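Structure, as structure tokens:
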Amino acid sequence: MIKSQYHLRSGYKGGGGDTVQANGTPSDVDSTHQNAGSTIQSSRTPMIVFLILVIDLLAFTMILPLLPSLLDYYSQHDRTGLYTLMQSSVDNFRDFLGIPDTEKYNAVLFGGVIGSLFSFLQFVASPVIGAASDKYGRRPLMILTTIGIAVSYAIWAVSYNFSLFVLARVIGGISKGNVSLCTTIVTDVSSTKTRGKGMALIGMAFSIGFIVGPVIGAYFARGSSFHPDSYINHPAILALTLGLLDILIVFFLLKESLPVEKRVQSFGSSLKTAQDLINPFSLFNFSAVQNASRKDKSDLRQIGMAYFLYMFIFSGLEYTLTFLVHRRFQYTSMQQGRMFFFMGLIMAIVQGGFLRRIQPGKEKRIALLGMFLLIPSFLIISLSYALMQYYIGLTLFSFASATVVPCMTTVVTLKGSDDQKGTIMGIFRSLGALARALGPILSSTYNDLPRSKNGRRHFSKFDIASTQPACDTEGREGLKRCFLGTSSMLAERCYIEQNMGEVNI
């Protein structure tokens with residue numbers, strides 16, 4: 001009562017910026033208090049989303065160092081026949097490409113297929129989840145996807161056969177639309193000036209997840225030689241615990257960020273047709289986005305294509321890093337965990353220090369800088385046989401990883417109407433998931449192909465890890481493939497330079 005009287009006497013500036021004069025009515029005061037409470041909640045929401053993402057990514061990244069051990073376990077203990085069936089399909093694919101039938105190539109290729117399955121399901125689910133959130137709100141979909149992720153960890157905890165493990169990955173992949181929802185929520189509660197900082201905060205969550213999660217996974221992988229089942233149920237139980245914690249945070253702390261009056265009128269108008277949300281050509285055209293200007297639609301198409309090309313190349317190297325250091329430097333699982341810790345630390349420093357200070361409107365320039373730095377980083381990593389040289393390339397790679405996606409995401413969030421932000425972010429993340437589904441398969445196909453006695457490769461494939469076409473193959477066919485590899489790399493650079501340069505923020 002005393003506070004209200006003080007407000008009425010002297011005037012009070014609420015969270016919405018309106019001042020209640022001495023003669024203000026009680027309804028004016030209540031409205032001001034509501035605006036103030038809404039502003040406080042909006043300021044808290046990015047930190048709540050940050051906490052949700054950190055916990056989610058800690059659980060998600062634990063499996064990275066464990067995947068080779070898990071696949072080796074299932075190859076020996078699976079009795080359902082699914083592992084044998086998938087291995088047979090992978091073998092046929094390998095024979096079709098002419099890849100040597102050796103254990104190390106089979107492991108890389110099979111792992112690439114498993115990783116791509118998860119990303120492909122994200123590609124299918126993210127646009128649908130984003131569009132549904134435009135109608136029903138962000139919070140219900142966040143609760144649903146978080147529960148789905150926890151269920152996938154619960155199945156992983158009891159997956160002593162390969163079929164259950166694949167089922168867990170399927171459910172987890174479908175439910176991973178929570179990442180695009182988190183980005184959309186931060187977009188809802190931020191202004192144009194503060195949106196870049198919000199995207200940097202999301203990037204920091206990814207960095208922290210990649211700092212700690214793989215180290216935890218490496219710890220379980222190291223102990224697996226003494227307890228054969230420890231890398232199956234122990235990390236899965238920990239991941240399940242984190243998943244349940246995430247559900248509690250979402251349910252009790254996360255508030256709805258999309259008011260009813262800003263939602264689309266019907267789910268049908270948000271979806272339009274199922275084809276617009278699952279057809280790759282429609283996704284690249286952002287066909288499901290309706291209430292956007294012609295300029296915004298054009299910009300979204302250009303940014304989406306540039307994002308897909310970037311993630312396609314980026315995910316290829318990212319996937320093959322663990323295999324590269326294992327073969328070239330004989331890295332153990334724990335050393336690989338420390339490598340991811342180094343990458344995450346660089347990313348956290350860049351995103352927490354440099355990226356959060358970028359002035360609005362400069363995101364495009366920083367994204368281009370990160371893309372160009374990938375070229376020397378790929379070259380250094382592919383040619384390095386000393387750890388110091390390798391980590392120099394890894395530093396450049398980590399800088400690109402820390403800058404490109406957050407900056408491109410910031411640009412995308414500025415496009416389109418408020419009632420279709422979920423659809424836009426769902427499509428955008430879906431294109432990245434499609435790139436991540438295709439990138440590991442191609443990189444595992446072309447990764448570290450054998451050489452003949454004269455040092456030349458047997459096959460003139462395009463080596464993703466070095467971004468250089470294998471031009472040392474003799475004959476007409478070798479020259480043709482060399483030309484195609486060079487053209488594809490130059491085409492990607494030209495597309496990014498020309499089209500990203502035309503996008504106005």
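Computed from a predicted model, the values in this text were never measured in an experiment.
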Taking atom NZ of Lys297 as the centre, report whether more than 12 heavy atoms of other residues, nucleotides or ligands fall under 6.0 Å from it. yes
Within the supplied structure, the quantity of interest is the number of heavy atoms (other residues, nucleotides, ligands) at a distance under 6.0 Å from Gln359 CD; does it exceed 12? no
Pair Phe60 and Phe118, ring centroids less than 6.0 Å apart: yes
Using modelled atom types only, decide if a donor and an acceptor are shared between the side chain of [X] and the backbone of [Y] within a distance under 3.5 Å.
{"X": "Arg328", "Y": "Ser384", "value": "yes"}
{"X": "Arg263", "Y": "Leu258", "value": "yes"}
{"X": "Asp134", "Y": "Val264", "value": "no"}
{"X": "Arg357", "Y": "Gly353", "value": "yes"}
{"X": "Thr413", "Y": "Thr410", "value": "yes"}
{"X": "Ser298", "Y": "Lys295", "value": "no"}
{"X": "Arg436", "Y": "Phe123", "value": "no"}
{"X": "Ser401", "Y": "Phe397", "value": "no"}
{"X": "Ser175", "Y": "Gly172", "value": "no"}
{"X": "Glu363", "Y": "Gly361", "value": "yes"}

Rounded to the nearest 0.5 Å, what's the gap from [atom1] on [X] to [atom2] on [Y]? Could you check?
{"X": "Phe378", "Y": "Leu396", "atom1": "CZ", "atom2": "CG", "answer": "11.0 Å"}
{"X": "Arg429", "Y": "Tyr307", "atom1": "CZ", "atom2": "OH", "answer": "4.5 Å"}
{"X": "Ile185", "Y": "Leu141", "atom1": "CD1", "atom2": "CG", "answer": "9.5 Å"}
{"X": "Ile366", "Y": "Met408", "atom1": "CD1", "atom2": "CE", "answer": "14.0 Å"}
{"X": "Lys415", "Y": "Asp299", "atom1": "NZ", "atom2": "CG", "answer": "4.0 Å"}
{"X": "Phe284", "Y": "Asn279", "atom1": "CZ", "atom2": "CG", "answer": "10.5 Å"}

Aromatic plane relationship, Trp156 with Tyr153 - under 30° parallel, 30 to 60° tilted, over 60° perpendicular: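 Ring orientation, 0 to 90° scale: tilted.
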Is the Lys NZ or Arg CZ of Arg139 less than 6.0 Å from the centre of Phe251's six-membered ring, within 45° of the axis?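 The answer is yes; both the distance and angle limits are met.
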Test: Arg301 cationic atom under 6.0 Å from Phe286 six-membered ring centre, within 45° of axis: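 That pair does not qualify as a cation-pi contact.
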Looking at residues at least two apart in the chain, or sitting in another chain, which of them share a side chain to side chain donor-acceptor pair (under 3.5 Å) with Ser190? Arg195
Taking distance alone, no hydrogens or angles, what donor-acceptor pairs closer than 3.5 Å link side-chain atoms of residues 239-248 to residues at least two apart or in another chain?
{"unit_1": "Thr241", "atom_1": "OG1", "unit_2": "Ile237", "atom_2": "O", "d": "2.9"}
{"unit_1": "Asp246", "atom_1": "OD2", "unit_2": "Asp56", "atom_2": "N", "d": "3.4"}

Should Val186 and Phe50 count as side-chain neighbours, where that means a heavy-atom distance under 4.5 Å? no
Side chains of Ser417 and Asp419: is there a donor and an acceptor less than 3.5 Å apart?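 On atom types as modelled, these side chains qualify, holding a pair under 3.5 Å.
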With sequence neighbours excluded, what pairs up with Asp188 under the salt bridge (charged side-chain N to carboxylate O under 4.0 Å, His left out) test? Arg138
What are the two closest heavy atoms between Ile202 and Thr183, and how far apart are they?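 That would be CD1-CA, 3.6 Å.
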Scanning both residues in full, the closest heavy-atom pair of Leu283 with Ser430 reads CD1-OG, 3.7 Å
